[in-house]
2 protein chains.
Amino acid sequence: MMITANRLPASGPGYAAGMPNTPVVTLQHIADLVGVHKSTVHRALRGDPRVEAGTTERIRAAAAQLGYDPAVNQGARALSLRKTGKVESNQLIALLFPVVFTRGAYFQRMYVSFMEAISLARYDVLARIHDTAVPSLPPSVVRGDVDALVALNHPKELAAVQTALAAVPAPLRRPLITLFTPMPGASLVTADLHQAGRLSMAHLLDLGHRRIITVANMAFRSEERVEGCRAELAARGMDPDRHLVALESDKRIPDEEQRLAEVLDRLLAAAPDATALLAPQDQAAQKFMRLLAERGRPVPERMSLMGCDDTDPVPGPGGGNILSSIALPLEQLGREAANLAMEAPAEPRTIVLPVSLRVRATTRPPT
Amino acid sequence: MMITANRLPASGPGYAAGMPNTPVVTLQHIADLVGVHKSTVHRALRGDPRVEAGTTERIRAAAAQLGYDPAVNQGARALSLRKTGKVESNQLIALLFPVVFTRGAYFQRMYVSFMEAISLARYDVLARIHDTAVPSLPPSVVRGDVDALVALNHPKELAAVQTALAAVPAPLRRPLITLFTPMPGASLVTADLHQAGRLSMAHLLDLGHRRIITVANMAFRSEERVEGCRAELAARGMDPDRHLVALESDKRIPDEEQRLAEVLDRLLAAAPDATALLAPQDQAAQKFMRLLAERGRPVPERMSLMGCDDTDPVPGPGGGNILSSIALPLEQLGREAANLAMEAPAEPRTIVLPVSLRVRATTRPPT
DNA sequence: CTGTTAGCGCCTTCAG
DNA sequence: CTGAAGGCGCTAACAG
């Protein structure tokens, strides 16, 4: 192994111009100024009641005067605390996510509320795009500089994160919080996707649909959603296998448009009498809508269509969104993940948030 | 001053379950294993040629075997290096931005390419939402943990950042890179907004427009854009004051819709014979379009309209974008900011990227 | 109530 | 070519 020397250029005159040459203030400096020992300074600044009130006062004043900032010497503090096994919060949460999620409203809505919750508490976010190409953990995480990790990704990548995390020394290891995908030993923040399946199925059944098709593998935990669909059928005493046809899209087809067309054609072949399509995501719903029209099944006249997530509106003639969908509480998911991360609970916890049905114009009784 | 004890819960059994109890490996551990002094280990791992080749080999093997990770003990290294005034890169870039920018395509496009460039180089991003409500610098920045800061904000907030930065001890202070807004002593990455003004004005003049109205204070550095407009007129030997009417919107009006309506009414009153409107942003353009229609001046029949930024499409009847605009290289801006930050140049540098005209359907010759 | 000491892990200088 | 010692700034245990 090789420790690469990766030096930073020293702050040059360009930045020094007009900038004060503030030195690094240490406890010793304050001690010298007040005329006490540095450990007394340490105790005074921590509010140790054993220090005489007057001394504490003088020390605090000196610290303020010198501009002492405990944050500056966090490194030394962490080093020292390691001796006794204590860990101090750095007010920093790591967030790992794949590149693909940076595009699209889905992730953005969670991300923004996550950032807001973090910033509100005066924490910071260590963001890293985490792909299989970059499987390593950020140095700050390895160093134990973060209070917790939040990871949003597919199971395989999450497993890689856990493996990497297992390799960091136990005292520096921090809790992991995943979004949507449960991982053993990690906290989980998710939406009730089973309920999402039940609600969408209930809506279509209430409208009178009896042959419904869906794609089983497109979004996070699609299987949970499909299970919910089947559970709703079962709860009504109906045969899931008869009323719901779920097929998987072929992930080997790189082009999304083609992939959707291919699975749609298979679905329609398997259930030519289907009257409703459950799309696993709004984005896909929009595309399915066009594909269905091309196949002589315009939505909603000849086919009802439901999205999921309620993130990407399908504008109708009036400009408003016409897509019936299941709304996920994305903002709340981001917030809950942030709050859980800042709590950094010693024991893994699971938070499941409710979803809600949004009935709009793409669903109607079958003709 | 008070150093608040902000302890983290120790990693509990929940996380330890199935997790190896990896200890923190230090140079001393390797030294013990190989039977040499820890300073020899240090030298060997750094590739110091003075160490005997065989010894180096054995030390490296031992390090690998124990799973030594230099990142784990960065804190101690930084502490020690402080003695000699050296600074080591943490592969970490701070990014400060206001909440408002997290919504909308404008920021997102820059942000994603910024993150991608950073991640590609195996760096990380320390993200903080920086508002006037949270004027302090992240502890990691104060501690000198980042290699550079990138800040995207309005001049007042940027000034606050510089003030806060001036207060951090000189050896821990890192270079600042701003986007769009030049600050003395900081690097700048921006688009050629003067050119944006010239190009949009040139386009309208070429179409035959002679009375053009615009808003002077809505986007970043609007004044530069307006100056460009005037420069184009001057370059053609035309009187800027006669052909261009620029007014400021009233920032005290909280509702954006109302604010735009108010300035539009003033503009139309000041130049009733105007045939074209230059909107400072695409988002505003979309709203101006509706406001103009309401005022009996439909775009483009009775009024030509240009956006700026080319971020928010205005869908036409065919679904495609119909808004003529000036495209800013937002992805490139993000990338350049990232690269500049990772270079962390000692001397401030300025990067100005070109913009380009996008002619679409909202501009046509005056009738 | 306050001072002294040792040590967290590393790097560097000085000895040998 | 390798070892020993000192110190970065902090905290905690031990003296007084």
Side-chain angles (χ1 to χ4, degrees), chain A residues 3 5-7 23-32 34-59 63 66 68-88 90 142-144 169 171-172, chain B residues 3-7 23-32 34-59 63 66 68-88 142-144 169 171-172:
Chain A
I3 310 181
N6 200 343
R7 294 281 138 86
V24 178
V25 181
T26 71
L27 294 184
Q28 187 63 63
H29 292 135
I30 304 172
D32 290 348
V34 179
V36 293
H37 194 266
K38 59 175 179 169
S39 51
T40 304
V41 174
H42 168 233
R43 289 190 272 252
L45 293 183
R46 302 218 77 129
D48 191 319
R50 292 177 307 182
V51 181
E52 205 198 350
T55 313
T56 299
E57 212 36 66
R58 272 163 43 234
I59 288 173
L66 293 175
Y68 178 77
D69 185 347
V72 168
N73 298 312
Q74 254 264 172
R77 188 170 308 119
L79 193 59
S80 177
L81 285 173
R82 201 180 283 186
K83 198 164 33 164
T84 45
K86 283 185 196 147
V87 174
E88 211 192 15
N90 261 345
V142 172
R143 220 180 301 151
L172 305 178
Chain B
I3 310 181
T4 49
N6 201 342
R7 293 281 139 83
V24 178
V25 181
T26 71
L27 295 185
Q28 187 63 61
H29 292 134
I30 304 173
D32 291 347
V34 179
V36 292
H37 195 266
K38 60 177 178 168
S39 49
T40 303
V41 175
H42 167 234
R43 288 191 272 254
L45 292 182
R46 304 219 73 130
D48 191 318
R50 291 177 307 182
V51 180
E52 206 198 349
T55 313
T56 299
E57 212 36 66
R58 274 165 40 235
I59 289 173
L66 294 174
Y68 178 76
D69 185 347
V72 168
N73 297 311
Q74 255 264 173
R77 189 171 306 118
L79 192 60
S80 178
L81 285 173
R82 200 181 283 186
K83 195 160 42 163
T84 45
K86 281 182 195 149
V87 175
E88 213 191 13
V142 171
R143 218 180 303 151
L172 305 178

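Each chain gets a letter, A, B and so on, in the order the sequences are listed, and its residues count up from 1. For the numbers below, each heavy atom of this structure counts, side chains included, while hydrogens, waters and symmetry mates do not.
- A close approach under 4.0 Å does occur between a side-chain nitrogen or oxygen of Thr40(A) and OP1 or OP2 of dG3(C).
- Computed from coordinates, the Arg77(B) CZ to dG9(D) P distance equals 18 Å when rounded to whole Å.
- Rounded to a whole Å, the CZ atom of Arg50(A) is 12 Å from the C1' atom of dA15(D).
- Note: NE2 (His42(B)) to P (dC14(C)) measures 16 Å, nearest angstrom.
- For the pair Gly35(A) and Lys83(B), both in contact range of DNA chain C, the more 5′-proximal nearest nucleotide belongs to Gly35(A).
- Val72(B) comes within 4.0 angstrom of nothing in the nucleic acid, heavy atoms only.
- At a threshold of 4.0 angstrom between heavy atoms, the contacts of Ser39(B) include nucleobase atoms, whether or not backbone atoms are also involved.
- Taking 3.5 Å as the limit, the base of dG3(C) and the side chain of Arg43(A) contain a donor-acceptor pair of atoms between them.
- For the pair Ile59(B) CD1 and dC10(C) P, the computed distance is 13 Å after rounding to whole Å.
- A distance-only check finds a donor-acceptor pair linking the side chain of Asn73(B) to the backbone of Val25(B) [under 3.5 Å].
- The shortest distance between the side-chain N/O atoms of His37(B) and the OP1/OP2 oxygens of dT2(D) is not below 4.0 Å.
- When the P atom of dC10(D) is taken as reference, atom CG of Leu79(A) falls 12 Å away, rounded to whole Å.
- Put simply, CG on Asn73(A) is 14 Å from C1' on dG7(D), counting in whole angstrom units.
- Proximity of Thr55(B) to the phosphate of dT2(D): a side-chain N or O atom is located under 4.0 Å from OP1 or OP2.
- Side-chain contact check for Arg82(A) versus Val24(B): some heavy-atom pair is nearer than 4.5 Å.
- Between the side chain of Arg77(B) and the backbone N or O of Pro70(B) there is at least one donor-acceptor pair closer than 3.5 Å.
- Rounded to whole Å, atom C1' of dC10(D) lies 15 Å from atom CG of Asp69(A).
- Toward the 5' end of DNA chain D, the nearer of the two residues Val36(B) and Ala76(B), judged by each one's closest nucleotide, is Val36(B).
- For Ser80(A), the listed nucleotide lying nearest its side chain is dG9(D); candidates were dG9(D), dC8(D), dT2(C).
- Annotation for Val51(A) and Ala44(A): closest pair CG2-N, 4.0 Å, computed over non-hydrogen atoms.
- Remark: Lys38(B) is not in phosphate contact with dA4(D), judged by side-chain N or O atoms under 4.0 Å from OP1 or OP2.
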Leu172(B)/Val142(B) under side-chain contact (heavy atoms from CB on, under 4.5 Å): CA gap, chis, key distance, verdict: CA-CA 7 Å; Leu172(B) 305 178; Val142(B) 171; over 6 Å; no
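- Salt bridge annotation for Arg46(A)-Asp48(A): absent, with no cationic side-chain nitrogen under 4.0 angstrom from a carboxylate oxygen.
- In this structure, the nucleotide among dC11(C), dT2(C), dG9(D) sitting nearest to the side chain of Thr26(A) is dG9(D).
- The CD atom of Gln74(A) sits 11 Å away from the P atom of dC10(D) (whole-angstrom rounding).
- The shortest distance between the side-chain N/O atoms of Arg46(B) and the OP1/OP2 oxygens of dC11(C) is below 4.0 Å.
- Contact check, Tyr68(A) against dG9(D): no side-chain N or O comes under 4.0 Å of OP1 or OP2.
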